[in-house]
Amino acid sequence: MASGADYSILFERVKIGPVTARNRFYQVPHCNGMGYVRPRAEAAMRGMKAEGGWAVIANQETEIHPTSDLSPFAEGRLWDARDIPGLRLMTDAVHDHGGLAAVELAHNGHHAPNHLTRAPVLGASELSLDVAFPKQARAMDKADIKALRAWHKAAAIRARDAGFDIIYVYAGHHMTIAQHFLLPQFNDRMDEYGGTLENRVRLTRELLEDTREVVGDTCGIAMRLAVDEMRGPDGMQAAEEGRAVVEMLAELPDLWDVNVADWANDSVTSRFQQAEGYQNDYISFVKQVTTKPVVAVGRIGSPDMMASMVRKGIVDFIGAARPSISDPFLPKKIEEGRIEEIRECIGCNICVSADSLSVPIRCTQNPTMGEEWRRGWHPEKIAPKGSEEAALVVGAGPAGLECAMQLARRGYDVTLAEAGPEMGGRVLAESGLPGLGAWKRVADHRLYDLSQRGNVQMFTGSALGAEEVLELGIPNVFIATGSHWRADGRGRNTLGGLETDGSLRVLTPDDIMAGKRPPAGPVMIYDDDQAYLAGVIAELLAASHPVVFVTPANMVSPFTELTLEQHRIQRRLIELDVEIITHHSLAALKATPQIACSYTGRLRDIACASVVLVTERVRETALYDSLRAQDHGLRTLSLIGDAANPGMIADAVYEGHRAARNFERDPAEVDAEFFRREMTALSD
């Protein structure tokens, strides 16, 4: 990022129909696991972004009718007037900080299973649900289309009454009826809504015209369109039908929000797409064919790229979902010249996983995300220190770095001791694996912050025992010594572990990340962790070894379905000629290891020279246990991060943050925060 560059163009006002955005920073619609289920939490999260300088803050796809029921997912909902008060919480929070609030109205067609309402599923044509459920949508007849238009108009009026400034017509991500009508694979109709592109565009045109008719004098009308399906000639392409759709509708909306489909392409992880602004090649034509402002995304975090995109006439607004999650105050930091303080998105999609699980959003880089209402956390503000003066943090992995940074921000004198030669812990180790380089930003951001503070001392190569800790005379100690991977095969499917006769070379992820490599010959990777790490290691080793990937799961890295990348991971391993064996558990670790079928128990030998075990981790608690066992005289002794509970990097950062926030607080008050939740009112 250039220092002293001129970013004033990013802070120009832009009109969107009858409303005006205060700058060019636009948080596009994104899901968050809150929605109608947790409206206070959503309002606090969106309001925080308005405080951070985002000019427009959108919610997420918002169901307009019971025939578009996305349960169990907690999206937005505007079925009737009873939904208005919950949404008003968000618009008020956004308006309080000078932002514009946008709502993404959606009917999801055959993407909505209607599990809660059990309403008939409606589709552009006769279609199976696009979720794994044995149910089909019926093709909408003319009466259904007329009803859909009426539902959309009524929802637009309710949205206006809820205080929204911008109202969306949504045709993207393969999730909405408007897009389903646009695409031949979903629309095989033979009437005026099918066949030619002009006919397939008809419903979208009508929804835009209807929305303008009922709210266009007071609200901006936005069109969200996926201009390219990323399927080549088998789907809509930006250079052909994508462009033609924009040309047909060019001046109807007040704003174009353009992207690619589906969601896994629009929000591709950094592991598979390193470049910022990666969607520019697909969307850059839009401003050539419309006079209306354009917003687009691409995990854009560099202010230089932002300014360049505006100057080049690619966009009018810098769109963001994930960068706005990682740093809600990104616009203010750019405006105030605090570029180095931006928490850059690492593209891990932990935020996406929360929506997939229907729990409040979270972020690896920003541990306050999703906790604005429940815990009252602010990404830029933290309570000053209490009566204590100093703290020692042992271990400079993600938990230790975050804990030390927040303690220092509170005003404590902080000593950070790391046993290894470099700081970063598992973040440093994992960022050296294929595709995970962006993850190093988790350590870089915190190390930069700590290096700027006069109340912090940092030491590497400082392995501390209990005596050394006590000799330092610092009364408050936070232990973040991490964990290491097991080498005995114990995991969720082999709870007792496995004996080995020593004839087989056994390696762990720690060995691989430390630079050790299997001997020549085939290597078996056994994945009972079932997250992302085994797949990355398989990719690394496949460049030099024949690899057999064995897992009790039904696919490679099943956790990564939640982060929208499982299909890419498995495809890459197949392309690298990795042999994949699913539904098998490790049965014996000997010269020729054995695996057992999860269904029949039938044994199978795997001819290999070595095994990499990715199963469970052992917590590193020796220092904590030693201090705890003696009359140490410490006022605080806290175990945090993977040393307390091995989990994701996001979990370690969160726990480090929470430990620093809760230091010197009333324990009863801290415990009460676990119980704070939004309760359903028992009224009809």
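The model shown is predicted, which means the values in this text are computed figures rather than measured ones. For the single chain, residues carry numbers from 1 onward in sequence order.
Considering only residues two or more places apart in sequence or on other chains, A112 meets the side chain to side chain contact (heavy atoms under 4.5 Å, CB included) condition with S68, L70, N108, N114. Not a single side chain to side chain donor-acceptor pair (under 3.5 Å) links D527 to another residue, sequence neighbours left out. Listed by chain and residue number, R243 satisfy the side chain to side chain donor-acceptor pair (under 3.5 Å) test with E247 (two or more places apart in sequence, or in another chain). Remark: Y278 engages no residue in a ring pair (Phe, Tyr, Trp, His ring centres under 6.0 Å) (not counting sequence neighbours).
Using modelled atom types and a 3.5 Å distance limit, the side chains of D165 and H95 yield a donor-acceptor pair. In this structure, a donor-acceptor pair under 3.5 Å is absent between the side chains of E241 and Q237. H173 and D266 are linked by a side-chain donor-acceptor pair at a separation below 3.5 angstrom, with hydrogens and angles left out of the test. For the 3.5 Å distance criterion, the side chains of E565 and T269 qualify, holding a donor opposite an acceptor. For S324 and D327, the side-chain atoms include no donor-acceptor pair closer than 3.5 Å.
Identified under the ring pair (Phe, Tyr, Trp, His ring centres under 6.0 Å) test for residues 179-216, with sequence neighbours left out: H110-H180, H110-F186, H174-F186, H180-F186. Residue pairs meeting the side-chain hydrogen bond (donor to acceptor under 3.5 Å, both in side chains) criterion with at least one member in residues 345-358, sequence neighbours excluded: R322-N349.
A salt bridge does not link R299 to E276: none of the charged side-chain nitrogens sits closer than 4.0 Å to a carboxylate oxygen. Under the 4.0 Å criterion applied to side-chain N and carboxylate O atoms, R202 and E192 are not assigned as salt-bridge partners. The residues R374 and E371 are annotated as salt-bridged, a charged nitrogen and a carboxylate oxygen being separated by less than 4.0 angstrom.
In this structure a side-chain-to-backbone donor-acceptor pair under 3.5 Å is missing from T91 to A101.
A cation-pi arrangement is not found for R46 relative to W54, the charged atom failing to lie both closer than 6.0 Å to the ring centre and inside a 45° cone about the ring normal.
Within the 4.5 Å cutoff, the side chain of V19 has heavy atoms near those of the I166 side chain.
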